Amino acid sequence: MGISEEFIMTTISPGFKRPITLYRNNQNMKKQRLAGGSSSGDGSLNYTHLQDERRKLPIYTTRHRLLKALQPMSSAIVIGETGSGKTTQLPQYLYESGQHKKLMIACTQPRRVAAITVAQRVAEEMGDQLGHTVGYCVRFEDCTGKDTKIKYMTDGMLLREAIHDPLLKRYSTVILDECHERTIHTDVLFGVVKKAQAERKERGMILLKIIVMSATMDVDHFSNYFNKAPVLYIEGRQYTVKIMYTSEPQSDYVFSALAAVFQVHEESPPNEDILVFLTGQEEIESAVKSIKDIAKDLSQDSPPLIVCPMYAALPSNLQLRIFQHTPKGSRKVIVATNIAETSITIHGIKHVIDTGKVKAKVFNPFSGLDLLKVVNTSKAQAWQRSGRAGREAPGTCYRLYTESEYDQMRDNTLPEIQRCNLSSVILQLLALGIEDVLNFDFMDKPSKESLENAVNQLELLGAVIKDIKPKLTPEGRKMADFPLEPRLAKVILAAKDHSCLEEILTIVSALSVDSVYHTPASKKDDAVAVRNKFMASEGDHLTLLNIYRAYKGVNCNKQWCHDNFLNGRNLRTAVDVKKQLKEICTRQQLPVESCGQDTTAIRKCLCAGFFMNAAELQKEGQYVTVSSRKPVSIHPSSSIFQCKPAYVIYNELIQTSKCYMRDLSVVDADWLYDVAPSYFRRKLSKK
DNA sequence: GAGCACTGC
């Protein structure tokens, strides 16, 4: 093994070691050192103060040893807990020491906000204007310049860049941060940077240094993949979090969470805020209501409770409430989804209540259907959650499950790449010039079925030709240029033949952002009634077109969105997406034309990308899918729910009480045959 | 006649 004692700065103990056991309140209580400390500061701090701050970070004491160790290494794994300063400091150290060799240092993040805020902080620390030496690059925003040497970016962005430059020639170092999260992008990047490194070496070019940063302890896996790369450990700045387990398994985790909230509320001094992890919007809204109702009946002596819901679909103005300072003498309770696990950090949290549950997309390989289901978290997730109680001071985490239930949890969440449709990934790898995609060097290889599925879908779309190895077609190359799933990219390319790219770009943009609808549970009927005016008889795609046009017609007015139960944030994103897609179309010399009122042209284009998602009305009034004759129904939220057209196409199937088609358009059988004659001949002969 | 976690290009 390449791990040398000399390189191990400090060993830390994340949650996989046996902790000390104490007892109180009949509950098993445990003591554990956890991630803590905060590295983000406010923007007004001056340069000298910031330099002091930098020197106080745990990573600072190891600076020289770290640089000396990294100098000769082509690849390294850096393990550091939250608060160690690795994300802000390591790129600076490499730059200051000249190890960047005049090329850029890339540091990738799974999330946009992280890339932006870290870059801002580092620019400040260096006393430099953002976009000069230090910059960031995320979708819709490139804040880098000709002098940029340290570039923070989303992992997806580096992957996009790699399509046009597979050897990553502008970079001397690529730091892949937060690798323990195992996003589909970092997992693909692992293989891409490894290949670039080998090829640059072979061609005698400047070597590519790869640094993989992670909070995980599963270091051997990472190290082995990168040719037994050495592992460096950096100490974190952490506070003790007491872990409590329940003595008995809980049958109703929402009820237990409410009980826990009020137990903590009674036992703890005010100003110690509580963070509760639940699974979804509805559950959270109802829990928030219950907490408020119960709080009304509490005695006058107990501190006032401020209860805030938090989930991604919550409008931004309501999201901001969780960051407001808690008035002295009261207590804030935040009820959140796993958005509070990594994406946002809330100050003042002293108590975490962890139900041990999360809503996750579960892929059923037998039906080929996605299903959103409440499942148990992994151990890693549980530790991530408890860490949220120890960011600024020692805290407590109440786990609403027993210790033996904890022991039965899987260690890590399954990497995204093993539970997703891979058609985008395969298309990207082919565009990167990877010849043998089915045998690509993944750190954790997806199943053979899942890879073959993806290739088959791409073949249907005309993006690849199946030979001994799948080969990219010129059309596939064009599709890869779009930041869209292949089916939607295909719809755009098809628009050329129907002179309706303007409308198609709008619909595709609206489809590729989160829901443009906002439906508060209490005003469901109002929302449906008000939005009725946008409904198109041809289906949901044209309804989206109507909404987008109306939104632009009022100059993207926020109040109008609110009045019409639409999500302004997501509509705004759709406008940005459309602009970006339009630029790519212009580069590809696709004429952006409008078809006016001709919705037939639009629906024909949609068929080109979604013909494999067609359903046919049966005599009994039931729909079946054309691909597998599976019984399906129109989702009640669809604008054609009341109608019974002979043929429809849909964007996705979702299994709940029934198997529902979502986002539909009414189509003509002839259009389907025209767009994929051989596919439908095959399907016909099966009948 | 129903209900949708979270990211990202």
Side-chain angles (χ1 to χ4, degrees), chain A residues 108-115 137-142 153-164 178 181-189 277-286 310-314 336-344 355 357-362 370-375 377 381 384 413 415-417 419-420 424-425 427-428 431 479-486 488-489 508-509 512-515 517-521 524-525 527-528 567 570 573 576-577 580-581 584 633-638 640-642 652 654-663:
Chain A
T108 69
Q109 299 293 319
R111 280 169 294 280
R112 292 165 54 89
V113 268
C137 190
V138 298
R139 190 181 190 182
F140 310 129
E141 252 185 286
D142 182 359
M153 61 206 300
T154 43
D155 44 20
M157 207 66 209
L158 186 59
L159 207 51
R160 281 263 135 216
E161 273 190 23
I163 292 181
H164 296 104
E178 312 286 2
E181 290 191 25
R182 302 295 304 273
T183 71
I184 197 157
H185 291 147
T186 35
D187 266 33
V188 176
L189 273 176
F277 284 101
L278 287 177
T279 66
Q281 175 174 346
E282 255 188 38
E283 195 177 88
I284 286 171
E285 292 296 354
S286 100
M310 181 68 200
Y311 46 87
L314 193 71
T337 59
N338 47 340
I339 192 172
E341 229 167 74
T342 47
S343 305
I344 53 156
T355 53
K357 303 287 177 190
V358 66
K359 205 176 270 187
K361 220 167 202 170
V362 178
D370 277 340
L371 184 60
L372 216 50
K373 202 177 148 192
V374 173
V375 296
T377 59
Q381 259 178 309
Q384 181 68 34
T413 314
E416 203 182 354
I417 199 147
R419 42 185 175 96
C420 279
S424 296
V425 168
L427 185 64
Q428 269 180 335
M479 285 164 65
D481 258 354
F482 290 95
L484 296 168
E485 54 160 315
L488 289 175
V508 167
S509 304
S512 67
V513 299
D514 287 336
S515 174
Y517 302 109
H518 172 61
T519 315
K524 207 169 62 179
D525 297 342
V528 172
N567 186 317
N570 294 340
T573 311
D576 290 338
V577 172
Q580 187 190 25
L581 297 179
I584 299 167
S633 308
I634 298 178
H635 196 276
S637 68
S638 171
I640 54 164
F641 175 64
Q642 310 281 1
E652 60 173 355
I654 188 125
Q655 173 85 56
T656 49
S657 55
K658 274 190 195 173
C659 191
Y660 286 107
M661 300 179 277
R662 298 210 354 216
D663 291 325

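This structure is a prediction, so every number in the text was calculated from the model and none was measured. Letters A, B, ... are given to chains in the order of the sequence lines, protein chains preceding strands, and every chain is numbered from 1.
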Asks: Pair A/Glu283, A/Thr337 - check side chain to side chain contact (heavy atoms under 4.5 Å, CB included), show working.
Replies: CA-CA 10 Å; A/Glu283 195 177 88; A/Thr337 59; over 6 Å; no
Asks: Which whole-number value in Å describes the distance from A/Asp525 CG to B/dG1 P?
Replies: 16 Å
Asks: Nearest 0.5 Å, what's the CD-CG distance between A/Gln109 and A/Asp155?
Replies: 8.5 Å
Asks: Let me spell it out: for each of A/Val358 and A/Arg160, pick the nucleotide of DNA chain B with the closest heavy atom. Which residue's pick is nearer the 5' end?
Replies: A/Val358
Asks: Which part of the nucleic acid, if any, lies within contact of A/Phe482, taking any heavy atom under 4.0 Å across all strands shown: a base, the sugar-phosphate backbone alone, or nothing?
Replies: nothing
Asks: Looking at every strand, decide which applies to A/Ser657 at a 4.0 Å heavy-atom threshold: base, sugar-phosphate, or nothing.
Replies: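 Sugar-phosphate, backbone atoms only, no base.
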Asks: Is any side-chain nitrogen or oxygen of A/Thr154 closer than 4.0 Å to OP1 or OP2 of B/dC9?
Replies: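 For A/Thr154, the contact criterion (side-chain N or O under 4.0 Å from OP1 or OP2 of B/dC9) is met.
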Asks: Please work out if A/Thr183 contacts a base, only the sugar-phosphate, or nothing of the nucleic acid, heavy-atom cut-off 4.0 Å.
Replies: nothing
Asks: Rounded to the nearest 0.5 Å, what separates atom NE2 in A/His635 from atom OG1 in A/Thr656?
Replies: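 Going from NE2 on A/His635 over to OG1 on A/Thr656, the span is 6.0 Å.
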Asks: For B/dA5 and A/Tyr311 - does any side-chain N or O of the residue sit under 4.0 Å from the phosphate oxygens OP1/OP2?
Replies: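 No, no such contact exists.
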Asks: Looking for any heavy atom pair under 4.0 Å, which part of the strands does A/Arg139 touch: base, sugar-phosphate only, or nothing?
Replies: base
Asks: If you check every side-chain atom of A/Ser343, which of B/dC6, B/dG3, B/dG8 has the closest atom?
Replies: B/dC6
Asks: So what does A/Ile339 hit on the nucleic acid, given a heavy-atom distance under 4.0 Å: a base, only sugar-phosphate, or nothing?
Replies: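 The answer is sugar-phosphate, as A/Ile339 gets under 4.0 Å only of primed atoms, P, OP1 or OP2.
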Asks: Indicate whether the side chain of A/Thr183 and that of A/His185 have a donor and an acceptor atom separated by less than 3.5 Å.
Replies: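 The criterion, which ignores hydrogens and geometry beyond distance, is not satisfied for A/His185 and A/Thr183.
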Asks: Classify the nucleic acid contact of A/Gln580 as base, sugar-phosphate or nothing, counting any heavy atom under 4.0 Å across all strands shown.
Replies: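 Contact class for A/Gln580: none.
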Asks: Between A/Glu282 (CD) and B/dG3 (P), how many Å, whole number?
Replies: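 From A/Glu282 CD to B/dG3 P: 9 Å.
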Asks: May I ask you to evaluate whether A/Thr656 reaches the phosphate of B/dG3, defined as a side-chain N or O under 4.0 Å from OP1 or OP2?
Replies: yes
Asks: Under 4.0 Å between any heavy atoms, over every strand shown, what does A/Arg112 touch: base, sugar-phosphate, or nothing? Just pick one.
Replies: sugar-phosphate
